[in-house]
Amino acid sequence: MAIWFYALLLVASVIEFLIFSNISIRTTNRYMYLLFGLVVICNLGYLSIGLSHNVEEVILANRITYLGGVFLPFLMFMTISSMCDFKVPAAVRIFLQISSGVVLAAIFTIGYNGLYYKSVGIGKALGATYIVKEYGPLHNLYTILLIGEIAADFVVIFYSLKAKRKVSKRSTLMLAISLAAGSVFYFTERIFRIKIDVMPLVFVIFELVCLLILFRMQLYDVSANVAEVYESLREYAYITLDDGKRFMNCNEAALDVFPELGSVKVDSKEYRKEGDFYREIVKWIDNYDPSDRNTTFKNLEKDSRFYRCNLRGIRKGNRKLAGYIIEIIDDTTQQEYIRLLNKYNSELKTEIEEKTEARDEADAANRAKSAFLANMSHEIRTPINSILGMNEMILRESDDPEILDYANSVQSASYTLLTLVNDILDFSKIESGSLTLVPVEYRVSEFVRYEMSLLSNRAEEKNLELKVSVNPDTPELLKGDEVRIRQIATNLLTNAIKYTSKGTVFFNVSAQKRSDGRADLIIEVRDTGQGIQKENLDKIFDSFQRVNLEHNRYIEGTGLGLAITASFVKLMNGDIKVQSTYGLGSVFTVTIPQEILSEDTVGDFEKKMDASRTKTEARGTGLKTKDARILAVDDNAMNLKVVVALLKDTGIETICIKSGKEALQVLDRVSFDLVLMDHMMPEMDGIETMHAYKEKNPDSKIPFIALTANAISGSRDIYIKEGFDDYLAKPITGAELELAMRKWLPREKVTG
């Protein structure tokens, strides 16, 4: 039974040594390493004594025991001194080491003389061998030395408890209790001559206490490291507490602000008694959530100064909360700034409130202006739609050259009016910052053909030659805001024709591929007009600017075209440049980055160019249908008449309705292939009508197309989001309307 006792204690000491080896804190030193290592050797000796069979084996085992144990009292004294922050004088250390060495030398004389043991024998108790010995004079000297070292241990502990503020009271008391227990065990064994040696148990218990203290000191070590960092930053004070909210440490800056901390000992809660300031901190810490890994802060006042207190938890890795750190920053200067700012804010508040009303009035005026312009655009586009629609029918059906000439003039004037409306509306949107781009897929050749068909008549009216050139290597299929790109080209070409009295206007289009896989679309408009004076070049892109006004007073225009063009180019991350020689002409060059959708190029544009594009557009796309029926809903009778007229030759049966409510009734009774729906109608507008029908008929597949004079930027996206399948803006051409019919009518009903 005793053998198992010694064996278990040997295993325990080995385990304690391994645990100690994995503890890395500044408190550990070579004396602690020797202590944990020699206890293993000492306990091995005790086990060997228990297993011995004769006197010779007992003497050898006893030498092993003392080899490990003779220095243990000295090492325990040095360990206790280290933990209690007590510096042992060098002379004392040397004396104790020499004394222990003398005792060790005497141990090796056992069996040869009676200096340490006068006689040696063996006995048996509880299944283990023990030494039967008679003590010699050197053993008595060793006992005196041991008693002196134990007494010194207690002196160091009590001195530390009384004088050392930064030494843990709990830790020193644990050392004192373990030391007292060990002393009692040792002297009880000697006095009563107990046959089972209890010293291995004393050593193991002492080591266990040391390990517990060292684990706790790891937290103190963190606190000490923090102290070193904060000590270099004198403006920051800090206090650390353990997980039981007991005081651990603080730096000198904290003592400067809170001198009462100088009397607070480590591991105590005495700081809780120190005034209102600490009571606030304690209450704050008591309410701290241990699972919270964020830093919290509180502003507190002490002695007419303001402090910002930051509280965070101390953790080792991802382990549970091990303590707290309170960072206390003197924030008096900052608070003074805040006080002054509050004063200034109070003074400014009245001024801000006074100006807010003026700003609100200005915003209301801007909203009213935008609403007015949008409404005027709608109201103007509606009659223009009727004019262009009826005029298109004249162009389609008349063969009288004189009548066709009149109709072309009406068409040109209508597009001029439409351009003015677009300019005013776009300028309003640019000014308010609400203009947005709508990138779509488009064909470069179609874009150029559109510009030529739109402006060729204007050039012919002034006897100007309009020449177009498209680089064959230009990608055919691009993605960008086609509407805005057309407006840019239209504005530049219109200006060139407007300010050129004779000669030629050149329209050149090309593209240059970029390293990012995109392409720069390059639009160049060159004319042989009057040119721009050098001092006016910086003004031409300003709003409402018309340079050389006296010379140009008879030329129509708002002075917005180039300003809007420059804004569009900037919005598309492009670049616009102008070169001009007064009296000889100007060159405008626009570069706009676009996305390439296909490797196909424009090729020979001249072969693709249709010289009679305007006439072709007027006559539509040649759409033919069979048994197709559509519903057109618009509160304006003239607009309905235009739709019917433009689709007259397509074979489509067009039912016209003038209100949303009536449209819903008709849709319930008659089947349709497609619905053209105006937006702005009284009682029930187009969006409400479409929603009402789809809510009642969720499985219906009838396409709804918005046909409206609401042509502000982003309108298409608005109507598509509302649930419309497509969007057409007024004024509408026959070609655009027929293309929409071809796209959305059932394929089996489109015959041509």
Side-chain angles (χ1 to χ4, degrees), residues 373-426 450-451 453-461 483 486-487 490-491 494 497-498 556-558 561 612-621 632-650 654 656 658 676-681 686 705-712 715 727-741:
L373 289 173
N375 187 60
M376 287 305 297
S377 170
H378 181 273
E379 294 301 321
I380 294 172
R381 281 174 176 274
T382 297
I384 292 177
N385 182 60
S386 300
I387 293 169
L388 286 171
M390 293 297 100
N391 191 66
E392 184 170 331
M393 298 314 300
I394 295 172
L395 289 169
R396 286 188 183 190
E397 298 178 1
S398 176
D399 292 323
D400 187 328
E402 188 173 4
I403 297 298
L404 289 174
D405 185 53
Y406 295 156
N408 281 325
S409 296
V410 171
Q411 186 184 54
S412 178
S414 298
Y415 278 118
T416 298
L417 178 59
L418 187 61
T419 299
L420 292 174
V421 172
N422 287 339
D423 282 352
I424 294 170
L425 186 61
D426 286 337
Y450 170 84
E451 294 299 324
S453 65
L454 182 65
L455 296 164
S456 58
N457 284 344
R458 294 192 189 185
E460 288 175 8
E461 288 172 2
V483 173
R486 284 187 178 186
Q487 283 182 258
T490 299
N491 285 346
T494 300
I497 293 170
K498 190 188 302 183
E556 62 184 18
T558 60
S612 58
R613 179 61 177 163
T614 302
K615 187 70 174 176
T616 302
E617 282 191 350
R619 295 193 182 280
T621 64
V633 187
D634 198 313
D635 63 318
N636 187 294
M638 186 60 70
N639 285 338
L640 292 173
K641 189 174 181 179
V642 168
V643 171
V644 173
L646 293 177
L647 297 177
K648 182 173 65 174
D649 296 331
T650 63
T654 305
C656 297
K658 296 181 67 175
L676 288 174
M677 182 72 71
D678 184 32
H679 179 193
M680 296 186 182
M681 297 185 294
I705 300 176
L707 177 56
T708 174
N710 185 6
I712 62 173
S715 292
Y727 161 82
L728 296 173
K730 299 174 185 176
I732 186 74
T733 66
E736 291 173 328
L737 187 57
E738 289 184 16
L739 284 172
M741 298 299 105

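Side chains are part of it too, since the values below use all heavy atoms of this structure and drop only hydrogens, waters and symmetry mates. Fair warning: this is a prediction, and the values are worked out from it, not measured in the lab.
With rounding to the nearest 0.5 angstrom, the CG atom of Asp634 is 8.5 Å from the OG1 atom of Thr708. The CE atom of Met680 lies 10.5 Å from the CG atom of Asp635; values are rounded to the nearest 0.5 Å. Taken from OG1 in Thr733 to CD in Glu738, the straight-line distance is 9.0 Å, to the nearest 0.5 Å. To the nearest 0.5 Å, atom CZ of residue Arg458 and atom CD of residue Glu460 are 13.0 Å apart.
Closest approach of Glu451 to Arg486, counting heavy atoms only: OE2-O, 3.1 Å. When all heavy atoms of Ile394 and Ile403 are compared, the closest pair comes out as CG2-CG2, 3.7 Å. Residues Pro731 and Glu736 approach most closely at O-OE1, 4.2 Å, considering heavy atoms.
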* Evaluate the criterion side-chain contact (heavy atoms from CB on, under 4.5 Å) for residue pair Lys730 and Asn639; output intermediate values, then yes/no. => CA-CA 9 Å; Lys730 299 174 185 176; Asn639 285 338; 3.1 Å; yes

* **side-chain contact (heavy atoms from CB on, under 4.5 Å) between Gln487 and Val483, worked out** => CA-CA 6 Å; Gln487 283 182 258; Val483 173; 3.7 Å; yes

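Counting only heavy atoms from C-beta outward, the side chains of Ile497 and Leu455 approach each other to under 4.5 Å.
With sequence neighbours left out, the side chain to side chain contact (heavy atoms under 4.5 Å, CB included) criterion links Ile387 to Val410, Ser414. With sequence neighbours excluded, the residues that form a side chain to side chain contact (heavy atoms under 4.5 Å, CB included) with Val643 are Ala632, Leu647, Thr654, Leu676, Leu707, Leu737.
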